[in-house]
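By convention in this document, chain letters (A, B, ...) are assigned in the order of the sequence lines, proteins followed by strands, and residues within each chain are numbered from 1. Nothing here was measured: the structure is a model prediction, and the numbers come from that model.
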Amino acid sequence: MPLAVARVLVDTPLPQLDRLFDYAVPERLRGLVGPGMRVKVPLRSAGRMTDGFVIEVVDASEHEGSLSEIEDLLSTVPVLAPEVWRLARALADRAGGSASDVLRLAVPTRQVRVEKAWLAAREADSDGEATAHGDAPSPRHAAVGPVAGYRSHDLAGAVRARARLALDALPLVVELPDSPDAAAEAERRWVGQWAVTLAELAAVALADGTNAILAVPDYRDQEQLVAALEAVVDARQILRLDSRQSNPDRYRALLRARGDEPLVLVGNRSVLLAPSTRLGLIAVWDDGDPLFSEPLSPYVHARDTALLRYEQQKPALVFAGHARSTDVQRLVEIGWLTEVSPDPRYQPRVIPTTQQGSREGFAANARIPSSAWTEAKAAVEFGPVLVQVAHPGYAPRLACTECGDTARCLRCSGPLQKKNAAATPACAWCGALAVGWHCTTCENTMMRTVGTGAGRTADELGRAFPGVKVVVSDGSRPILHVDGESAIVVATRGAEPIAPGGYRAVLLLDGERMLARESLRVAEDCLRWWANATALAAHRAPVFLVGVGGALASALATWNLARFAGAELADRRHLRFPPAIRVATVTGKTDTVVKALDDLPDEIRSETLGPVDTDDGTVRAIVRFDYAAGHDVAATLRGRVIRAATDRRRIPGDPRGSNQRRAVPTLKVRFDDVEPFAD
DNA sequence: AGCACGCCGACT
DNA sequence: GTCGGCGTGCTC
């Protein structure tokens, strides 16, 4: 019987079910069921139903036994595009995880109303096409010109030639041309030059009749990028796909992305999983941002998603940023990515000021060197001055005045915090006000603030600059834009607003404190935060890097961020830390973990770290391996995960015996997890 | 997961 | 002889 068998991926996280199952297509669904559609199928015994995706429809099954029938077809809309399925399979294989986990991120659940509206519109559209079609998206750009800021490079040509680039962004802000349909207030027209660059690259791909996928870390970046895109392409060709959208919006966007018209897909890490058949460009902005690491299984970093998708669809691939991640640097060094820097070169005016022992020469509050103070004071006369700080809130910590221990909530032991100087301290976890507080260590009843948060910095600067407006922007209450008026803008790293024309001066405070965090990537992260803030300064405006010296300071001052990434990568290579190599953590009961490790080839087995005890009674080992071995390591460990999930024995010697099965997470494998290197 | 199949001890 | 305990294995 022709096309009577559907091959289905069932929607379950169970590793042993992560393959295709054959089902008979019943008479009533014959000819309707197609690849990419959601179906309901019985699994194991009739009556138990699971959702799944039809991957292909074939004439006959290779399966020995008899086939169950598809129970139901949820919709005739093929929501899983073939290229997304291929990508999901490859991502799961690389990360030792299940394809259905990836699909859960990639395919939003069905929205009947959205779907009906879309089907109706498509119907109307195809009718219209037969007669006349006066509403075709007209590219706003008559001709795609050269990409601004890269004089000697043919970036447009590179996109058409599907090149792979590590693109250094020009660290300046620019004003977008007045756009008639974007009724935006004036401030919104100022964006980072990087956004314009990416928008121009996307316009090249569109003009070529292909799609572009642009991935940004967060919403604030997305706003800038969309604004920049609106200036160079038809607004109808811009499609937002991000995790902040409601499910109907995501579903609507998915359906549009499955259409034929060329689009620019813009969004956070999830946009890299969007359907796009004719893909001409993938661009990732600021790939070092931790928001690109996916917190859900199988934990694939957006950078790796982009790389894998490149392998499958061969679009142009661009990693753009101010600072360079060690990961991209690695790809440059092996010759896989081509470096492109702005031409003419622009070097921001970064002035490192190290606090050398004595406080002499420093302003009253001792946090700001007098040279920076003087310049900031002068600059604020002409417009906004940016002050970057490490911590939000008033003070990062409150402590007992006697013993110095952290002041904790008497109810839940959470850390206490203060909203402003006068506020009663409250618990950061349960919110309880700390009235009648006493120290749990020494019974003392007084506490003091330790350190300085954005709010306190704002208070201090407000007193130091009487009459100047002070604006605070942090992660919980971010401000996207400020106006061009004189103001002190205090922002936590990553939450800096954009100022028209750029800030007249930038002060990067708390550098020492940012560097004090113990993590493999501190230096890289700090440099990225500083570089991104530096890029918000006006042309040649002073940027003071306070309290930081050495290689980091000179990297920023000379704007030689790639060289720093190279040195950092050399260190990691020496220590055999990622991203010079890859890692995978293997967690579970001791014997399961040991068995899994024993499956690995000797040269990899001998390089594993641990296993060591974790706090929940399991053990964890860290497997280290070269990129070339990744495929084999993933296959081996995945095999063990399946084995561990399949053979289920009682916990030996468990007194509670009876129905108690062994502890649920038998063996967990997580690739490219940097968390164990956090300290 | 969740359920059927199957291989050993107390029962009619 | 066979009812049902739970350990084992499979899911088209």
(message) Distance check needed: C:dC12 P versus A:Leu9 CG, whole Å only.
(response) 14 Å
(request) Whole angstrom is fine here: how far is it from CG in A:Asp18 over to P in C:dC10? (result) 18 Å
(message) Under the side-chain hydrogen bond (donor to acceptor under 3.5 Å, both in side chains) test against A:Arg640, which residue among A:Asp599, A:Thr592, A:Asp598 passes?
(response) A:Asp599
(request) Could you state the atom-to-atom distance from CG of A:Asp22 to C1' of C:dT11 in whole Å? (result) 13 Å
Enumerate, atom names and distances included, each donor-acceptor pair closer than 3.5 Å involving a side-chain atom of residues 250-258 of chain A, sequence neighbours excluded.
from     : atom 1 : to       : atom 2 : distance (Å)
A:Arg250 : NH2    : A:Leu105 : O      : 3.1
A:Tyr251 : OH     : A:Glu115 : OE1    : 2.5
A:Arg252 : NH1    : A:Asp249 : OD1    : 2.8
A:Arg256 : NE     : A:Glu261 : OE2    : 3.4
A:Arg256 : NH2    : A:Arg236 : O      : 2.5
A:Arg256 : NH2    : A:Glu261 : OE2    : 3.4
A:Arg258 : NH1    : A:Pro78  : O      : 2.7

(message) With salt bridge (charged side-chain N to carboxylate O under 4.0 Å, His left out) as the rule and sequence neighbours excluded, what pairs involving residues 288-297 of chain A come up?
(response) A:Arg269-A:Glu294, A:Asp289-A:Arg528
(message) With a 6.0 Å cut-off on the ring centroids, do A:Phe292 and A:Trp285 count as close?
(response) no
(message) Expressed as a whole number of angstroms, how long is the span from A:Asp59:CG to C:dC12:P?
(response) 22 Å
(request) Give, ordered by number, those residues of residues 62-75 of chain A having at least one heavy-atom distance below 4.0 Å to an atom of DNA chain C; if nothing qualifies, reply none. (result) A:His63, A:Ser66, A:Leu67, A:Ser68
(message) Using whole Å, what does the distance between atom C1' of nucleotide C:dT11 and atom CG of A:Leu20 come to?
(response) 14 Å
(message) Does A:Arg113, at its CZ atom, have more than 12 non-hydrogen atoms belonging to other residues, nucleotides or ligands within less than 6.0 Å?
(response) no
(request) For atom CD of A:Glu62, decide whether the heavy atoms of other residues, nucleotides or ligands shown that lie under 6.0 angstrom number more than 12. (result) no
(request) For A:Met49 and C:dT11, give me the distance from atom CE to atom P, rounded to whole Å. (result) 17 Å
(message) Rounding to an integer number of Å, can you tell me how far A:Ile642 CD1 sits from C:dG9 P?
(response) 16 Å
(request) Take the protein atom CG of A:Leu43 and the nucleotide atom P of B:dA4, then report the distance between them rounded to whole Å. (result) 13 Å
